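Residues take their numbers from the sequence shown, with the count starting at 1. Bear in mind that the values here come from a model prediction, so they are computed numbers and not experimental data.
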Amino acid sequence: MGDVEGNLANIKQTIAEACSRADRREDEVHIIAVTKYVSMETAERAIEAGISHLGENRIEGALDKWEKLQDKASFHFIGQLQSKKAKKIIGKYEYIHSLDRMSLAEELEKRLEDGNKVKCFVQVNVSGEASKAGLDSAEVIPFIQRLEGFSAIEVVGLMTMAPYEEEPEKTRGWFRELRELRDRVRKLGQTNAPCEELSMGMSNDYAIAIEEGATYIRLGTSLVGNETNA
């Protein structure tokens with residue numbers, strides 16, 4: 001099962017050091033435990049260790065863990081979400097990190113009623129890699145402006161996945177670009193797009209992401225491990 005408690009202690013130390021270098025407060029950084037590759041028991045153990053945010057990127061696992069743990073954590077859907085499957089998590093998952101097309105926005109708007117909202121991160125492919133989902137940087141502001149009349153969608157921030165690098169320092173430019181883009185979105189003053197948050201940084205590069213302004217980091221193997229081959 002791995003030493004979730006020990007892993008979390010090491011991660012918190014890394015966060016503290018990164019925040020110190022960037023002159024930031026540690027409480028500005030929220031850890032999302034990505035539990036795609038671990039059991040329900042390990043997800044529960046992460047919560048017991050002090051994690052309050054769980055992330056899933058597959059509908060099946062997402063629903064199973066929400067059913068069991070819904071009262072114990074905030075839930076983030078961090079994978080690509082097909083419009084036709086959005087109805088399965090609406091009203092359950094508080095955050096969606098992969099809003100990147102109008103068809104999904106329209107589905108979310110249609111499914112949410114009675115003044116309910118979903119907190120969305122617009123996903124940005126800052127590196128332009130063909131294997132990565134998300135909008136090109138130049139598309140982000142026009143896309144968010146098109147969402148202005150969507151009462152059920154709150155654009156709380158931007159999300160990206162940097163290319164994997166053996167030397168994490170090489171990811172810094174991508175994270176900086178997302179932060180600068182986030183700042184431009186905030187200046188729009190759009191009511192449904194406060195865009196205060198940055199979802200960026202994973203197990204390999206989260207310290208660099210924090211130095212560049214990450215407010216949510218998505219950690220899987222470094223925190224809860226990988227049980228698929230156990």
Side-chain angles (χ1 to χ4, degrees), residues 3-35 46 49-55 73-74 76 78 94-99 119-129 132 134-138 140-141 144 154-190 193-224:
D3 181 13
V4 176
E5 295 84 354
N7 292 343
L8 182 58
N10 291 334
I11 288 164
K12 285 184 174 180
Q13 180 61 35
T14 300
I15 291 172
E17 292 168 357
C19 285
S20 177
R21 289 191 295 270
D23 194 24
R24 298 185 61 197
R25 301 194 319 271
E26 293 170 45
D27 62 4
E28 295 174 358
V29 181
H30 307 282
I31 301 169
I32 302 172
V34 180
T35 55
I51 290 294
S52 56
H53 299 273
L54 293 187
S74 293
H76 299 247
I78 60 176
E94 185 177 352
Y95 296 86
I96 294 173
H97 288 239
S98 51
L99 179 59
K119 297 175 182 178
C120 293
F121 289 83
V122 170
Q123 184 169 355
V124 188
N125 184 356
V126 289
S127 64
E129 287 183 288
K132 296 275 196 306
L135 296 168
D136 291 338
S137 295
V140 171
I141 287 180
I144 290 175
E154 182 181 12
V155 179
V156 296
L158 304 181
M159 177 273 223
T160 200
M161 295 175 63
Y164 178 85
E165 296 284 357
E166 290 290 342
E167 298 178 32
E169 177 63 34
K170 292 181 179 180
T171 64
R172 186 179 299 278
W174 304 124
F175 296 138
R176 182 174 297 156
E177 180 178 335
L178 194 75
R179 170 170 51 82
E180 292 172 349
L181 182 56
R182 186 275 314 268
D183 292 346
R184 288 170 56 200
V185 174
R186 284 198 302 191
K187 288 179 181 178
L188 295 174
Q190 191 167 308
C195 209
E196 297 287 342
E197 312 295 347
L198 287 170
S199 171
M200 60 187 195
M202 296 164 55
S203 290
N204 185 58
D205 53 24
Y206 69 92
I208 302 297
I210 290 168
E211 290 177 17
E212 291 300 329
T215 60
Y216 285 88
I217 55 176
R218 310 180 305 272
L219 304 183
T221 53
S222 64
L223 176 57
V224 294

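Two residues are said to be in side-chain contact when any heavy atoms from C-beta on lie closer than 4.5 Å; H53 and I31 fail this criterion. Looking at heavy atoms from C-beta onward, C19 lies out of side-chain contact with E28 at the 4.5 angstrom threshold. Using a 4.5 Å heavy-atom threshold, the side chains of I208 and K170 count as separate. Considering only heavy atoms from C-beta on, L158 stays 4.5 Å or farther from F121 through its side chain. Counting heavy atoms from C-beta on, the side chains of M202 and D205 come closer than 4.5 Å. Contact check for I210 versus I15: side-chain heavy atoms found under the 4.5 Å cut-off. Between V29 and I217, some side-chain heavy-atom pair lies under the 4.5 Å cut-off. Put simply, the side chain of R218 reaches to within 4.5 Å of the side chain of S199, judged on heavy atoms.
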When you look at S74 and L54, which way does the side-chain contact (heavy atoms from CB on, under 4.5 Å) test go after all the steps? CA-CA 6 Å; S74 293; L54 293 187; over 6 Å; no
Kindly determine whether Y164 and T171 satisfy side-chain contact (heavy atoms from CB on, under 4.5 Å), including the steps that lead there. CA-CA 8 Å; Y164 178 85; T171 64; over 6 Å; no
Check against salt bridge (charged side-chain N to carboxylate O under 4.0 Å, His left out), E196 and R182: CA-CA 7 Å; E196 297 287 342; R182 186 275 314 268; 5.7 Å; no
Evaluate T160 against V122 for side-chain contact (heavy atoms from CB on, under 4.5 Å), listing each step before the verdict. CA-CA 9 Å; T160 200; V122 170; over 6 Å; no
Before you tell me yes or no, could you show the steps for H76 and Y216 under ring pair (Phe, Tyr, Trp, His ring centres under 6.0 Å), namely the whole-Å CA-CA distance, both residues' side-chain angles and the distance that decides it to 0.1 Å? CA-CA 11 Å; H76 299 247; Y216 285 88; 5.6 Å; yes
Apply the test side-chain contact (heavy atoms from CB on, under 4.5 Å) to residues V185 and V140: give CA-CA distance (whole Å), side-chain angles for both, the deciding distance (0.1 Å), then the verdict. CA-CA 8 Å; V185 174; V140 171; 4.3 Å; yes
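The environment of CG in D23 is sparse: at most 12 heavy-atom neighbours from other residues, nucleotides or ligands sit within 6.0 Å.
Here the OG atom belonging to S127 is positioned 11.0 Å from the CG atom belonging to L178, to the nearest 0.5 angstrom. For the atom pair CE (M161) and NE2 (H97), the distance works out to 12.5 Å, reported to the nearest 0.5 Å. For the atom pair CZ (R179) and CD (E211), the distance works out to 11.0 Å, reported to the nearest 0.5 Å. In this structure, CD on Q13 lies 8.5 Å from CD on E26, to the nearest 0.5 angstrom. Atoms CG and CD1, on L135 and I141 in that order, are 12.0 Å from each other to the nearest 0.5 Å. Between atom CG of residue L188 and atom CG of residue D183 there is a gap of 11.5 Å, rounded to the nearest 0.5 Å.
Judged by distance alone, the side chain of T215 and the main-chain N or O of L198 form a donor-acceptor pair under 3.5 Å. At distances below 3.5 Å, not a single donor-acceptor pair connects side-chain atoms of R24 with backbone N or O atoms of E212. When atom types are taken as modelled, the side chain of N125 and the backbone of G134 share no donor-acceptor pair closer than 3.5 angstrom. Within the 3.5 Å criterion, the main-chain N or O of S222 finds a donor-acceptor partner in the side chain of S203.
When all heavy atoms of F175 and G201 are compared, the closest pair comes out as CE2-N, 3.9 Å. When all heavy atoms are compared, the tightest approach of I78 to G55 is CD1-C, 4.3 Å. The two residues E177 and S137 make their nearest non-hydrogen contact at OE2-OG, 2.7 Å. Across all their heavy atoms, L99 and C120 have their closest contact at CD2-CB, 3.9 Å. Nearest heavy atoms, L219 versus Y206: CD2-CD2, 3.7 Å. Of all heavy-atom pairs between A33 and L223, the closest is CB-CD2, 3.6 Å.
Looking at E154 and K119, no side-chain N of the basic residue comes within less than 4.0 Å of a carboxylate O on the acidic one, giving no salt bridge.
With sequence neighbours excluded, no residue satisfies side-chain hydrogen bond (donor to acceptor under 3.5 Å, both in side chains) with E165.
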